[in-house]
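Please read the structure below before turning to the comments.
Below, read A as the first sequence line, B as the second, and so on, with proteins coming before strands; counting in each chain starts at 1.
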Protein chains: 2
Amino acid sequence: MIIWFYKNLKIRGGNINKKITIRDIARALNINPSTVSRALNDKPGVKPELKKKIKEKAEELGYIVSFQAKSLRTKKTMTIGIILSDIKNPFFLDFLDGVERVLFHRKYKILLATSNEDVNKEKTYLKWFLEHGVDGIMISPTCGNDGSNNLMLLRQIKKRGVPIVLYDRKFQEAETEFDSVTINNYQAIVSAIKYLVKDMGHKKLGLCLIEPMVYTLKERYRGFIEGCKFFGAKHKENWIVILSKDEEKNMEKLKQFFEESGPTAVIASNHFITQQLLKTAKKLNKKIPDDLSIIAFDDNIENELYETPITTIKQPVVLIGKNAAIMMVGRLDGEDVIPQNIVLNSELIIRESVKKL
Amino acid sequence: MIIWFYKNLKIRGGNINKKITIRDIARALNINPSTVSRALNDKPGVKPELKKKIKEKAEELGYIVSFQAKSLRTKKTMTIGIILSDIKNPFFLDFLDGVERVLFHRKYKILLATSNEDVNKEKTYLKWFLEHGVDGIMISPTCGNDGSNNLMLLRQIKKRGVPIVLYDRKFQEAETEFDSVTINNYQAIVSAIKYLVKDMGHKKLGLCLIEPMVYTLKERYRGFIEGCKFFGAKHKENWIVILSKDEEKNMEKLKQFFEESGPTAVIASNHFITQQLLKTAKKLNKKIPDDLSIIAFDDNIENELYETPITTIKQPVVLIGKNAAIMMVGRLDGEDVIPQNIVLNSELIIRESVKKL
DNA sequence: TTGAAAGCGCTAACAG
DNA sequence: CTGTTAGCGCTTTCAA
């Protein structure tokens with residue numbers, strides 16, 4: 001932890017906006033600015049006593065380095081641009097927590113952006129990141145409902161030498177082209193299905209996804225289809241529901257899970273969906289797991305506290321953040337290996353939302 | 001929404017890191033860099049046809065403005081530093097959502113920091129913000145358990161001309177010194193007590209806070225003490241519990257709410273506390289509201305979905321963010337009025353967690 | 001309406 | 001070990 005104190009940030013002599021520069025320090029000590037620069041940056045070749053004097057004088061004058069100037073020369077801004085795909089999802093709090101812990105110690109700062117699943121907004125922020133000269137970019141890329149994305153732009157940015165780390169999501173068309181940290185979404189779903197079928201005796205399964213169908217969700221979809229086939233569970237086309245942001249419509253769609261011939265268990269592929277599902281259940285006065293068994297994604301604390309504690313596929317979200325940040329820092333330190341794809345494992349937390357049939 | 005396309009970000013001639021500058025544009029057009037600058041910034045005094053040609057050429061060459069260079073001259077970085085006091089609290093997701101919506105349209109970017117209630121970490125980030133030349137700072141200041149804070153530093157920063165907007169919390173010692181956006185915490189608690197006593201017949205009340213005792217919590221504490229007095233409710237010293245981050249200890253402390261002579265209703269003053277309380281209830285097999293009535297702060301969706309939907313003091317969090325950002329943008333635009341203190345109202349959402357006595 | 005020149009604050013050769 | 005010099009990319013006078 002850096003303990004730091006602006007002893008003399010206060011304005012002296014009423015000269016409100018007089019900014020102290022290394023020249024001021026140099027002048028005060030009758031030396032050259034470059035020596036001051038060397039001393040302040042702990043570069044070799046400054047006599048210890050002089051260095052000490054310089055640092056003291058800097059402190060005394062309330063000197064603050066200007067990163068604008070510094071970056072202009074060094075081409076490093078010590079900032080990492082991070083794009084969140086949906087600011088309403090608590091997933092990103094944990095993610096940011098993990099990222100920040102790593103970056104803070106390396107003195108990297110976070111330039112935060114949110115795409116809210118809008119490809120154009122994402123593009124705008126990517127441009128802004130470039131303008132601000134971020135040293136690296138972390139992104140969970142979104143896509144339009146038509147499948148459009150910013151892959152081309154990201155390729156160009158990468159070619160420019162800006163390291164990119166994808167987290168949570170990657171590009172199907174370019175699996176190994178970028179560094180990435182994801183979880184094994186396919187396997188997570190398959191394990192859940194195994195549990196539902198083998199352990200709990202379910203035969204009719206449903207799946208609930210949300211627009212847009214990004215990589216992560218496609219993988220879960222694939223896991224669902226193949227998992228059902230492998231473990232011999234039935235699924236119908238209309239048991240796979242894709243929600244939007246429209247809560248009214250969502251409830252309408254979710255009703256079918258609770259209807260006569262619906263599935264006996266359903267997998268809710270994110271936090272928002274789980275809430276929509278529980279809301280619908282409450283409204284229809286249906287009981288979990290008696291009327292429907294549920295497995296949720298994302299283990300938020302409340303999943304444990306609901307009337308029926310929810311069985312959950314727990315993603316190591318903080319770890320995703322940490323790994324992504326460590327990966328980024330490695331690239332920034334000049335690690336030159338081919339793109340790495342870290343795939344973390346999720347864990348099935350068994351609670352009480354799945355009924356034994 | 002800015003629709004933007006790097007037609008020519010791609011690398012030409014294998015010259016990977018050749019950065020296009022206004023000089024390149026100028027050279028290509030046989031004009032002076034200053035003219036290019038004027039054109040690109042839509043400054044007056046460039047013939048329309050020339051301006052058009054310049055912009056086209058810029059696009060063609062894949063020009064990206066350098067904010068490091070630009071800021072060095074203009075002293076504006078178009079970034080706002082934002083410090084969150086606790087990244088685990090979903091409050092900040094809504095807050096950031098509100099902020100970002102406003103800042104995005106004004107092309108301000110967010111430099112994100114988290115203090116996690118650590119005064120020294122907060123100080124470090126404030127220093128970093130200064131080094132990076134943020135145009136403004138938004139902060140919900142934390143304090144040590146000994147009451148220490150960064151008020152002095154913030155005063156110095158403000159004197160330097162960097163606008164500061166406090167959100168959610170302010171300084172008791174300096175109420176009107178900074179712009180701020182908060183909610184009426186005092187009144188929120190009083191209203192809750194009125195509801196508990198007058199409407200629901202409770203006479204013995206408890207309160208649950210969390211370290212550190214920042215402004216917000218002090219106000220809630222004050223509201224609790226005075227509200228109890230005003231409406232004639234009893235409260236004992238050990239019915240006012242202050243939690244820490246230590247979940248084990250917390251549960252121990254919370255138990256007393258459920259014991260024989262404890263209060264009949266308790267107000268949980270944030271999201272985390274509510275969860276701890278529900279967890280404890282579940283563990284002790286106590287029922288809400290039969291064994292204890294609860295009013296929670298922060299209306300997260302799950303409050304509605306619990307077995308007993310939780311009666312909640314709903315803070316207009318997104319609005320706090322929006323207002324804080326609007327305030328900031330106003331200052332940045334040069335609004336010169338005395339510091340403004342916006343106090344928003346919270347709302348009591350009545351559900352089923354309070355028993356009628 | 002455009003050009004020339006200076007300089008924001010810093011670092012990095014190159015000298016000494 | 002320290003000084004000199006040049007220049008990062010941009011804007012902003014001042015001049016033409």
Mind checking B/Arg23 for me? I need base, sugar-phosphate or nothing, with any heavy atom below 4.0 Å counting as a touch. nothing
Rounded to whole angstrom units, what separation is found between the CZ atom of A/Arg27 and the P atom of D/dT2? 20 Å
Return the nearest nucleotide to the side chain of B/Lys75; candidates are C/dC8, C/dT2, D/dT2. C/dC8
Examine D/dT11: is either OP1 or OP2 under 4.0 Å from a nitrogen or oxygen in the side chain of B/Lys70? Give yes or no. yes
Reckon B/Ser34 touches a base, only the sugar-phosphate, or nothing at all at heavy-atom distances under 4.0 Å? base
Starting at atom CZ of A/Phe67, determine the distance to atom P of D/dC10, rounded to an integer number of angstrom. 20 Å
Please say whether the positively charged group of B/Lys109, taken as NZ for Lys or CZ for Arg, lies over the ring of B/Phe67, i.e. under 6.0 angstrom from the six-membered ring centre and within 45 degrees of the axis. yes
Is there a side-chain contact between A/Ser66 and the phosphate of C/dC10, meaning an N or O under 4.0 Å from OP1 or OP2? no
Below 3.5 Å, does any donor atom in the side chain of A/Arg73 face an acceptor in the base of D/dG9, or the other way round? no
Between P on D/dT2 and NZ on A/Lys51, what's the gap in Å once rounded to a whole number? 11 Å
Using the side-chain contact (heavy atoms from CB on, under 4.5 Å) rule, take A/Ile82 and A/Phe95 through it: C-alpha gap first, then chi angles, then the decisive distance, then the call. CA-CA 11 Å; A/Ile82 298 181; A/Phe95 171 75; 4.1 Å; yes
Are A/Lys121 and B/Phe104 in a cation-pi contact, defined as NZ or CZ under 6.0 Å from the six-membered ring centre and within 45° of the axis? yes
Looking at A/Asn32, does any N or O in its side chain come under 4.0 Å of the phosphate oxygens OP1/OP2 on D/dT4? yes
Which is more 5' along DNA chain C, the nucleotide nearest A/Asn41 or the one nearest B/Pro33? Just name the residue. B/Pro33
What integer distance in Å separates A/Leu72:CG from D/dG7:C1'? 9 Å
Here's a test of your reading of the structure: between B/Pro48 and B/Ala69, which maps to the more 5' nucleotide of DNA chain C? B/Pro48
Nearest-Å distance, CD1 (A/Ile22) to P (C/dA12)? 11 Å
Testing the basics here: between A/Pro141 and A/Glu122, what is the closest heavy-atom pair and its distance to 0.1 Å? CA-OE1, 3.6 Å
By the 4.0 Å heavy-atom rule, please label A/Thr74 as base, sugar-phosphate, or nothing. sugar-phosphate
Is B/Lys43 close enough to D/dT12 that one of its side-chain N or O atoms is under 4.0 Å from OP1 or OP2 there? yes
Using atom NE2 of B/His132 as one end and atom C1' of C/dG9 as the other, report the distance to the nearest whole Å. 15 Å
Please give, in whole Å, the distance from C/dC10 P to B/Glu131 CD? 11 Å
Nearest-Å distance for atom pair CD/P, residues A/Gln68 and D/dG9: 16 Å
Nearest heavy-atom neighbours spanning A/Thr77 and A/Val134: OG1-CA, 3.7 Å
